[in-house]
Structures are given as C-alpha cells and as structure tokens.
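Take a look at the structure below.
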Amino acid sequence: MQNSTLGLIAKKVGMTQVFDQDGNAVPVTVVQLLENVVTKKLTKEKNGYTALQIGYEETKESKLSKAQVGNLKKAELPLLRRLKEFRVSEEVLGAYEVGKELDVVQVLGEEGSSIDVTGRPIGKGTSGRIKRWNQSRRTMTHGTKHHRQIGSCGAGTTPGRVFKGLHMPGREDNDVTISHLQVFKYLPEKKVVLIKGAIPGFDGAILSIKPSKKKGEWNKTALLIGKRKAA
Amino acid sequence: MRHPLIIEVEKSFLKQDLPDVRVGDSVSVAVKIIEGTKQRIQKFDGMVLAINGTGTGKTITVRKISSGVGVERVFLIHSPLIEAIKILSTGKALIRRSKLYYMRERQGKNARIKYKVTSHKPVKSSAS
C-alpha cells in the first residue's frame, strides 16, 4: 500500500440494509465524505516529521478566529473549521499539493477493500468495572454488603503498589477503532461510502477512515476460517 | 425519522415495478432458490397478514395453510431473490386493521376474508 497511513474524514449518517449481487441483505453504514482538502504539508526539515494536514467542515468567516482565517486565506483555501494531521511517508507527501482534495478510491482502495474506522462511541461517562470490563457482580442478597464494587486491587507490601493497566472503573467514551471493515460501495456523485457493518458513534459523528493496517494478516486468517468451514 | 441521504442511497436498490400489495391481499410470491449451480423458482401463495418496514427493509408476512398446518413466511420484497409478486385478489375495502394476526386463530371457513371484486389487474414484477 502506497498511502499506508493517509486517511479520510467522514460523517456517519446512519445504518440501513442493501442487497449484494447474490441477493443477500447486507447491513451497511452510510458514511458521507467531508471536504478532505490538503491544508498544509508538514516536512521533515521544518516539523521533524512528514504529515499531511487535512481540513474539513466549511463554515462562515465569523465562526473562525482571525488567525485561522489568515492561515486559510494565505493558502487560498476554503474556510474550513477543523483540521487533522495524518502521518505519511515522504513519497506520499510529494504526491499531494496544498488545496488538492483527496480522492477516495486512491486513499482507501477499490470496492471491497478492507478499512479501519475510528470514531468516538456513544458516551457512557464514568462507568463501573462491570460495564467497562465485563466483570461479574457479587450476590445482591444473603447479607452481602459488596455488590458491584471492585474487589482487591493488589497484594500488600510486595509489590506495594497497584499494577498499571489494572481493570478499574473510569471514563468509558474514548475513541475506538474498528478494524477490517469492508468498503461495500462508493457513490461518488453523492459523496457517500457504504461500509459493511456497524461503526462507533451516534449519527452525525465524525469518523476517520484509513486503509486496513493489518491487511495481509487479516486475509490469511480469513482464508484459514474458510478452509475450516469447508472441511 | 430517517435521514434523507439514507433514503436517497436506498433508492437505487428499490424495485420500481412492484405491485401495490396491501394487508389482506391474497398474493403469489415467486422466490428464486439457488441450489449449488442450479436455480429454480418456488411459489408461495397466501394471504398478507402484515407489512413491516420501509425502504430496502420493507417486508410482507404471508400466511398459507399447507396440508393442514399454517405456514408463515416473511419476504423482503425488494430483494433480488424475489422474482415476482402477483396479487391474486384484494381484500382491502373490508379490512380495518393494519395487522391481521387474528387470522392465525381462525380455521376453515372463518379463515377467509371477504374479497371485494375489483378491476385491480395483477401486475407482474421482474427482478432488477
């Protein structure tokens, strides 16, 4: 993959079901692509790393600060509200110009290719260990005073601390990446991509879509599963 | 409420030539069945008990009595596997309910609804 880390910004519209060539009903998420204009090229000499800055969501001038407007006008760009960086290799960086809109098929690949989608799930706020880590509850009756609390979280003097990464209650609405989703169909005239399966977030959530990171391995596993089924 | 863009996306997957099936209609549904490489058409004749869903997810529930046993099937009417839907007779004018689940408890002569004689000509649909 040439553009291994370059991605696109899109908006989740909602889910529906459509039919594939064999007549099967396929659950798909309708995703609307946003502007995806290259707003800046970050180079190794200037920034220490190579990346493309992508802008999306066009707005009114009054919604932006003068600094933002100045930056965008200087580069002769539309008034974009949000910016996001994607780390890319130097060859990819050379292939893009500031002001150029990204091409979906070029970035994600043909229909049927595997993609990773990152989004913020519907917020669950601060949640307990049962909801957050699928742990189990103790009995609610029989005189127990411990129902949904966490139990022991470590030993005593040795090691004398709580290990990092221990499953505990806390905030549960961080960004989630779903790997190996499939591009079902492109509808370029509507700026829409149909992605097979569900995607995190509420309708209208902003997503970042990249080609699958572990593409080769995924294909191998898929093959194995297919062989097992056939046997 | 559904997003206008979703409705727009579904449009290309919808059949344009489906007959206007209503609850209480007696219909014949031709289903494509694929067995390995062979393909054949199976017909399912019965009464429409319910219509559910919208867009590509629209379904009809059809009930028939097969050798004394009631059989119900739910068809995704916009599916390419549904070759055709033919209206045999329509009972619309005499039905006030949107779901005819009470027909499940009826047997024999009671399990009929009075059909209105109409000029409604059955429209044959072909899979797109």
Side-chain angles (χ1 to χ4, degrees), chain A residues 8-36 56-58 104 108 111-112 117 119 122 181-207 209 226 229-230, chain B residues 1-19 21 28-44 50-62 72-86 124-128:
Chain A
L8 292 162
I9 308 293
K11 200 174 174 184
K12 177 174 167 177
V13 177
M15 285 195 76
T16 180
Q17 72 180 11
V18 294
F19 302 104
D20 67 5
Q21 285 168 335
D22 299 332
N24 299 319
V26 182
V28 291
T29 308
V30 179
V31 161
Q32 190 179 24
L33 292 163
L34 300 172
E35 286 88 349
N36 288 299
Y56 55 100
E57 270 191 55
E58 213 165 327
V104 209
L108 298 182
E111 281 174 10
V117 179
I122 295 170
L181 289 169
Q182 205 185 4
V183 176
F184 185 77
K185 208 174 179 143
Y186 291 119
L187 303 168
E189 74 283 1
K190 295 185 189 96
K191 291 197 117 194
V192 161
V193 184
L194 302 184
I195 296 170
K196 196 172 167 184
I199 281 168
F202 48 85
D203 293 350
I206 300 292
L207 312 159
I209 308 173
K229 264 185 190 167
Chain B
M1 213 192 79
R2 315 181 80 215
H3 196 283
L5 196 62
I6 294 183
I7 296 169
E8 193 70 21
V9 166
E10 282 183 359
K11 257 183 197 165
S12 60
F13 292 93
L14 299 181
K15 290 178 190 168
Q16 302 301 319
D17 49 359
L18 278 178
V21 178
S28 168
V29 185
V31 193
K32 219 185 274 176
I33 291 174
I34 298 154
E35 291 162 329
T37 52
K38 273 186 197 166
Q39 208 187 72
R40 65 188 175 88
I41 305 273
Q42 191 183 60
K43 279 195 175 160
F44 191 93
I51 298 173
N52 279 309
T54 51
T56 44
K58 191 173 183 179
T59 59
I60 56 171
T61 306
V62 183
E72 271 177 36
R73 272 188 80 172
V74 181
F75 296 105
L76 267 170
I77 57 171
H78 289 286
S79 163
L81 295 181
I82 305 292
E83 186 78 12
I85 298 174
K86 211 164 131 186
K124 205 180 176 187
S125 81
S126 60
S128 46

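Chain naming here is simple, since letters A, B, ... match the order of the sequence lines and numbering starts at 1 in each.
- Only the side chain of Val192(A) comes within less than 4.5 Å of a heavy atom in chain B; its backbone stays farther off.
- Shortest non-hydrogen contact noted between Gly197(A) and Met15(A) is O-CE, 3.7 Å.
- Taking the ring-ring contact (aromatic ring centres under 6.0 Å, His included) definition, one finds that Phe44(B) meets it with Phe75(B), sequence neighbours left out.
- Residues Ile77(B) and Leu18(B) have side chains in contact (heavy-atom distance under 4.5 Å, counting atoms from C-beta outward).
- Counting heavy atoms from C-beta on, the side chains of Ile82(B) and Leu76(B) never come closer than 4.5 Å.
- Residues Ile209(A) and Ile195(A) form a side-chain contact, since some pair of their non-hydrogen atoms from C-beta on lies under 4.5 Å apart.
- The CD1 atom of Ile206(A) lies 8.0 Å from the CD1 atom of Ile9(A); values are rounded to the nearest 0.5 Å.
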Across chain A and chain B, going purely by atom type as modelled, what donor-acceptor pairs are there at a distance under 3.5 Å?
| from | atom 1 | to | atom 2 | distance (Å) |
| --- | --- | --- | --- | --- |
| Glu10(B) | OE2 | Thr16(A) | OG1 | 2.2 |
| Thr56(B) | OG1 | Gln17(A) | O | 2.4 |

